[in-house]
There are 2 protein chains.
Amino acid sequence: MSTVETISSNIKKLRELKDLSQKEVSAASGVPQGQYSRIENAKVEPSISTLEKLAAVFEVSLSEFFNNGPLDEDINLSILEKVKMIDTLHDDEQSALIKMIDLAIANKKMKDSLKAMIA
Amino acid sequence: MSTVETISSNIKKLRELKDLSQKEVSAASGVPQGQYSRIENAKVEPSISTLEKLAAVFEVSLSEFFNNGPLDEDINLSILEKVKMIDTLHDDEQSALIKMIDLAIANKKMKDSLKAMIA
DNA sequence: ACATATTATGCACCTAAATATATATTTATA
DNA sequence: TATAAATATATATTTAGGTGCATAATATGT
């Protein structure tokens, strides 16, 4: 599922959820009905500003349009997200992880300085 | 903070997190350096396809670019610095650590969902 | 079946992003 | 400070979304 398809799918779902016609969405958002139809059918790659208008009508945040599934998988978590998740862990689990990270880092630093001394 | 400003801010943070130059991001993504600079400075409203190329380089989902809430700013900075250091580790140490992190996260999610089922 | 509402599509025009290229400007470093 | 690296800006051209308008094509209801 491409990104434009994901967007179109989410937008269509939101419109049906609110039980609105394309014409109504058009009137409320300012996006012409024809253009809105093209967006729902993934015929175009909508601009950010257009998506903003629609997000306002559907009362959701922009990022809602890009989510494909109900919940994301851990495999694709970014480093930032991982850090956020680590923050939610209990103290004992968290400190255990941090100790391991510190250990690995300290280990690398030692190796690096050894290399530097040799060179 | 406008949407383009949010995007530019997030993208800049991600690039610095990965310690990449604009030229490197450009080479890896195919987005010309000049255009990338305009995006980081919110001089343009980037297209979805451009954002996709950058998301691939930064290894994040598209929606990461739109998040501007307190969630992203509440990141524990010390942990963030540590996780950034993971990137400098050798592959074997790195993957071992990441596996442990993912495991801890998965473990917590399981606990949380169990709690939710009980309640 | 008919009339109507809804949605999809076609077309001309406008605008802005994307690109290629070059260059200016700022920042880092020997 | 001089030099190089990194970042910002300039111009011209290409490409594609947005708009307005009209009109098919397709539901929906009486």
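The basis for the numbers below is simple: all heavy atoms, side chains too, and nothing from hydrogens, waters or symmetry mates. Given the structure is predicted, the values throughout are model-derived calculations rather than measurements. Each chain gets a letter, A, B and so on, in the order the sequences are listed, and its residues count up from 1.
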Quickly work out the B:Leu54 CG to C:dA17 P distance and round it to whole Å.
15 Å
Checking all strands, does A:Ser49 fall into the base, sugar-phosphate, or nothing category for heavy-atom contacts under 4.0 angstrom?
nothing
Phosphate contact (C:dG10 OP1 or OP2) by A:Lys43 side-chain N/O below 4.0 Å
no
Over 60° means perpendicular and under 30° means parallel, so tell me whether A:Phe66 and B:Phe66 are parallel, tilted or perpendicular.
parallel
Is the phosphate of D:dG18 approached by A:Thr50 (side-chain N or O, under 4.0 Å from OP1 or OP2)?
yes
Under 4.0 Å, counting only non-hydrogen atoms across every strand here, what does A:Lys12 touch: a base, just sugar-phosphate, or nothing?
nothing
Whole-Å distance between C:dA17 C1' and B:Leu51 CG?
12 Å
Using a heavy-atom cut-off of under 4.0 Å over every strand shown, decide if A:Ser21 touches base, sugar-phosphate, or nothing.
sugar-phosphate
Whole angstrom value for the distance that separates C1' of D:dT9 from CD of B:Gln22:
12 Å
Count the heavy atoms of every other residue, nucleotide or ligand shown that sit under 6.0 Å from NZ of B:Lys23, and state whether that count exceeds 12.
no
Do the side-chain N or O atoms of B:Ser47 get closer than 4.0 angstrom to the phosphate oxygens (OP1, OP2) of D:dA16?
no
Value in whole Å for how far the P atom of D:dA6 lies from CD of B:Gln35
20 Å
Is any N or O donor-acceptor pair between the side chain of B:Arg38 and the base of D:dA10 shorter than 3.5 Å?
yes
Separation of C:dT7 atom C1' from A:Glu40 atom CD, nearest Å, is 9 Å
Side-chain N or O of B:Arg15 closer than 4.0 Å to phosphate OP1/OP2 of D:dA6
no
Tell me the interatomic distance from A:Lys23, atom NZ, to C:dA8, atom C1', rounded to whole angstroms.
15 Å
Describe the nucleic acid contact of A:Gln33 in one word from base, sugar-phosphate, nothing, applying a heavy-atom distance below 4.0 Å.
base
In terms of the nearest nucleotide of DNA chain C, which residue is placed more toward the 5' end: B:Pro32 or A:Tyr36?
A:Tyr36
For B:Asn41 and D:dT7, what is the distance between atoms CG and P respectively, to the nearest whole Å?
11 Å
Using modelled atom types only, decide if a donor and an acceptor are shared between the side chain of A:Arg38 and the backbone of A:Lys43 within a distance under 3.5 Å.
no
Considering only heavy side-chain atoms of B:Val31, the closest of C:dT19, D:dA8, C:dA17 is C:dT19
Test item: A:Ile11 and A:Leu51 side chains (from C-beta on) under 4.5 Å apart, heavy atoms
yes
Any side-chain heavy atom of A:Val25 within less than 4.5 Å of one from A:Val31?
no
Grab the CD1-P distance between A:Ile11 and C:dA8 for me, whole Å please.
13 Å
